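A short write-up of the structure that comes next.
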Amino acid sequence: MTAKTLNKNMMVNTARRDFIIKGTLASGGLMLGLGALPELAFAQLNSKYDPNAPMKAGEPEVNAWVSIHPDETVMIRIARSEMGQGTRTGLAQLVAEELECNWKRVMTESPTPGESLARKRAWGEMGTGGSRGIRISEDYVRRGAAAARIMLVQAAANNWNVPASELKVDKGVITHPQSGRSTTYGKVAQQAALLTPPDPKSITLKDPRTWKVAGQPYARLDTANKVNGSKVFGVDLQLPGMLCAAVKACPVFGGKLVSYDEAKVKSLRGVKGVVKVNDHAVAVVADTWWRAKTALDVLPIVWDEGKGANTSSTEINKALRDGLDEQGDFWQRKEGDALGAIASANKKVEAIYFTPYRAHVNMEPMNATVRISGDRAEAWVPTQNGEASFAALSEATGIPLDKCEVYKLDPGTGLGRRGGTQDYVTQAAIIAKQFPGVPVKLIWSREEDMTHDYYHPIAMAKMTAGLDAAGNLTGMHIKVAGQSINATLAPSAIKDGKDERQLQGFYEKGPDAQLGYKFPTLLTEYVMKNSHVPVGPWRGVNTNQNGIFMECFMDECAKAANKDPLQFRQALMQSHPKHLAVLNAAAQKGNWGKPLAPGVHRGIAQFMGYASYSACVAEVSVKGNIVNVERLVFALNSGHVVNPYLTREQIEGSVVMALGAIFNPEITVENGRIKQQNLDSYPLLKLASTPRVEVVLVPTYDFWGGVGEPTICVVGPAIANAISAAIGKPVRNFPLYKENLSLA
């Protein structure tokens, strides 16, 4: 579709499709520029949709982030999505810190994409992915809060006719020590909103080492209604007159819809119609979702399954293995003559590792509710990216963005699936077009959700190293073959057939991920091998497999060199002090080198992802082929820690996902289609299998890193290395049932 120019008072020359394409580039996060954000955000935005409207009497908004009511309730607006990761609470803490309000009076709300667009995108982009929810928002939300504090204090100073510099503020109470007078934010909020905001660049933010609200382990703000059951998720939403839809896409990716026989189901109870969604999917709409699904299950459908119908996991795996032997201009990082160093080495170490497709299996399946009334479209969406959903709604309906609105609902997990991939919103919008004025809620069945995912990419790596006579590493060759996320979601990001994204964690430099070792010589290559199965961001994205490849191989090299795995790593990390610091912190907390109980063995791993440094020490025991993971110790340097309680929660969550990924069955392909259709064949980790998790946080207060994803990449290799120590041989094929190992 040709890019459409938006209302000149909003945003210029921005295509709806451009929203979606850019949204795929950062684990589902929409990476649009924030250059125009600060000036508008610090302006007085007093009307919900008209930035030029005059101030309304009694309206409590101070600026885009802060609204203070007469009863002293502080409403903080959070643009990021809350999926259980704690972003809403963390950002609210940062705002409260600079605002110096009473944390006990804080509440939050989410601005809509339509509201933001009408205010010239006052809240910037709304993507929540790639562990960026806090780290790319922290500066401007803190400045917004500080600006609000300055305006509130100035309003009080004006009332008392004293210099603002003489006033103090604590927990929303403003005092003038010289005269003993005091007032509250709620009493001066309306006057403050009329003042000219300070220049955001002139504001000095608080030193994180002095934080009183931020940095504290406060309980999250989004717990109560989840516990008492009053929380409304997308699947719970009820609107007057609402219809429900169930959808079925071609079971083989790339296949097409040939025909269906609506007459066979139109007389079934509650059925309102059958809708061709696109060239590869069909939906049934009924008065309840179960009736829609029941009718869809018996609807006669003819598919053209296409070329992919002949594809199997065996064929895909062979293509990866063949890719490891291909020769060509694949290299992405080249330092010295690694191949020559390895060829002339005293000892050569080589290993091939495999990691499979993984499904997201969000607790809440894909869903969206859409209502199209005349020239207006509305959607209620559990989304990681409000603007991407907003763009998809406009794209699918043909209705301009300024006539669309998306109401963000908290997703029942996201994990990357609800970011740049907005297929479920597009489907719901197309279906709703056939029922004007009526809200239509589309819910994917668990089977549809599992068999039409954007899966974690499959990959294989050949790791080769050379050692000299003293056991020192002389050369490292990393060759990865696997599917490209960009090939599915952002082809323009692939340059000359090379895709550096798949080598996440192997970069020389970079704010998000870099290799923590300095090898004498290094060659890193990526051989792209795509299949018809679509892939996308899955918590940790490419650090998952690359962490396994690198850290498992480092243990193999250490064993070949007859050296301790920790000491072997330390010798190669002297030029990477932050990597080394977390490795040492995990080793110290994990009692590395100290005696263990009989039958218990340790493994260690370190890696960098999402701008944070992480390391893990695992303790496991193996009896027969049963693995018991007894203890995991983590060290994390994310620069700053906004809430240590939530940070530890996120690390514990990454443990659960990683353990399931390395032990439970993978996603496989048979006759072109995904074989695993529900939790009976693709089980999740059980609580009884989770180990004791200990965390040491070692912030250095000099950068902003992520929290939700960094540690997932060290769980697998630390455990695998401990298993290898226990059984006396390396493990290289994941999930580990391929090594005849299962989790206790």
Side-chain angles (χ1 to χ4, degrees), residues 27 78 80-97 103 108 128-138 141-142 208-223 413-415 511-513 539-540 543 547 578-579 581-583 585-586 588-590 605-617 631-659 690-715 718:
S27 189
I78 305 296
R80 304 296 169 188
S81 297
E82 177 58 62
M83 301 167 283
Q85 80 280 32
T87 293
R88 177 178 296 143
T89 301
L91 287 173
Q93 284 182 257
L94 289 174
V95 172
E97 179 67 48
W103 176 252
T108 64
T128 310
S131 297
R132 290 176 172 87
I134 288 178
R135 62 187 171 111
I136 66 169
S137 305
E138 56 81 20
V141 301
R142 292 163 69 201
R209 294 175 177 83
T210 69
W211 283 345
K212 296 178 181 178
V213 177
Q216 300 305 309
Y218 287 161
R220 51 194 309 145
L221 299 174
D222 59 323
T223 298
T413 63
L415 309 174
D512 254 39
R539 188 177 187 173
T543 62
K578 285 188 169 67
H579 290 266
V582 295
L583 179 72
Q588 181 179 1
K589 178 73 172 178
Q606 70 80 32
F607 213 62
M608 181 189 179
Y610 306 95
S612 289
Y613 306 82
S614 63
C616 177
V617 171
R631 182 187 184 213
L632 293 174
V633 177
F634 292 90
L636 177 70
N637 179 8
S638 56
H640 301 287
V641 178
V642 175
N643 186 313
Y645 168 69
L646 298 179
T647 299
R648 289 183 172 91
E649 270 194 340
Q650 284 299 287
I651 292 173
E652 290 165 357
S654 73
V655 167
V656 173
M657 282 200 70
L659 278 172
T690 57
R692 177 161 54 106
V693 177
E694 300 172 33
V695 176
V696 54
L697 302 177
V698 288
T700 50
Y701 302 103
D702 56 344
F703 67 96
W704 286 85
V707 167
E709 294 169 278
T711 54
I712 196 171
C713 64
V714 293
V715 178

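Given the structure is predicted, the values throughout are model-derived calculations rather than measurements. We're numbering straight along the sequence, starting at 1.
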So [Y] and [X], do their side chains get closer than 4.5 Å, heavy atoms only?
{"X": "Gln588", "Y": "Val696", "value": "no"}
{"X": "Thr711", "Y": "Cys616", "value": "no"}
{"X": "Val213", "Y": "Tyr218", "value": "yes"}
{"X": "Gln93", "Y": "Asn643", "value": "yes"}
{"X": "Arg648", "Y": "Leu697", "value": "yes"}

Determine the minimum heavy-atom distance between [X] and [Y], stating which atoms define it.
{"X": "Gly590", "Y": "Val617", "value": "O-CG1, 4.2 Å"}
{"X": "Leu94", "Y": "Ala214", "value": "CD2-CB, 3.9 Å"}
{"X": "Val714", "Y": "Ala615", "value": "CG2-C, 4.1 Å"}
{"X": "Pro710", "Y": "Gly706", "value": "CG-O, 3.4 Å"}
{"X": "Val642", "Y": "Trp211", "value": "CA-CZ3, 4.4 Å"}
{"X": "Thr89", "Y": "Leu221", "value": "OG1-N, 2.8 Å"}

### Test applied, side-chain hydrogen bond (donor to acceptor under 3.5 Å, both in side chains); reference residue, Lys578; option that passes from Asn637, Asp702, Thr700
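That would be Asp702; it is the only one of Asn637, Asp702, Thr700 passing the side-chain hydrogen bond (donor to acceptor under 3.5 Å, both in side chains) with Lys578.
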Can you measure from [atom1] ([X]) to [atom2] ([Y]) and round to the nearest 0.5 angstrom?
{"X": "Leu659", "Y": "Leu632", "atom1": "CG", "atom2": "CG", "answer": "6.5 Å"}
{"X": "Arg88", "Y": "Arg80", "atom1": "CZ", "atom2": "CZ", "answer": "13.0 Å"}
{"X": "Glu694", "Y": "Ile651", "atom1": "CD", "atom2": "CD1", "answer": "12.0 Å"}
{"X": "Ile78", "Y": "Leu91", "atom1": "CD1", "atom2": "CG", "answer": "5.0 Å"}
{"X": "Glu709", "Y": "Met657", "atom1": "CD", "atom2": "CE", "answer": "9.0 Å"}
{"X": "Asp512", "Y": "Met608", "atom1": "CG", "atom2": "CE", "answer": "7.0 Å"}

Whether [X] side chain and [Y] backbone form a donor-acceptor pair below 3.5 Å:
{"X": "Glu652", "Y": "Val693", "value": "no"}
{"X": "Ser638", "Y": "Ser612", "value": "no"}
{"X": "Arg135", "Y": "Phe703", "value": "no"}
{"X": "Arg539", "Y": "Gly708", "value": "yes"}

### Task
With sequence neighbours excluded, tell me which residues meet side-chain contact (heavy atoms from CB on, under 4.5 Å) with Gln85.
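In terms of side-chain contact (heavy atoms from CB on, under 4.5 Å), with neighbours along the sequence ignored, Gln85 is linked to Glu82, Met83, Thr87, Thr128, Gln650.
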### Parallel, tilted or perpendicular, as decided by the 30° and 60° cut-offs, for the rings of Trp704 and His640
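Judged by the thresholds at 30° and 60°, the geometry between His640 and Trp704 is tilted.
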### Query
By side-chain hydrogen bond (donor to acceptor under 3.5 Å, both in side chains), which residues pair with Arg209, not counting sequence neighbours?
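Here no residue qualifies.
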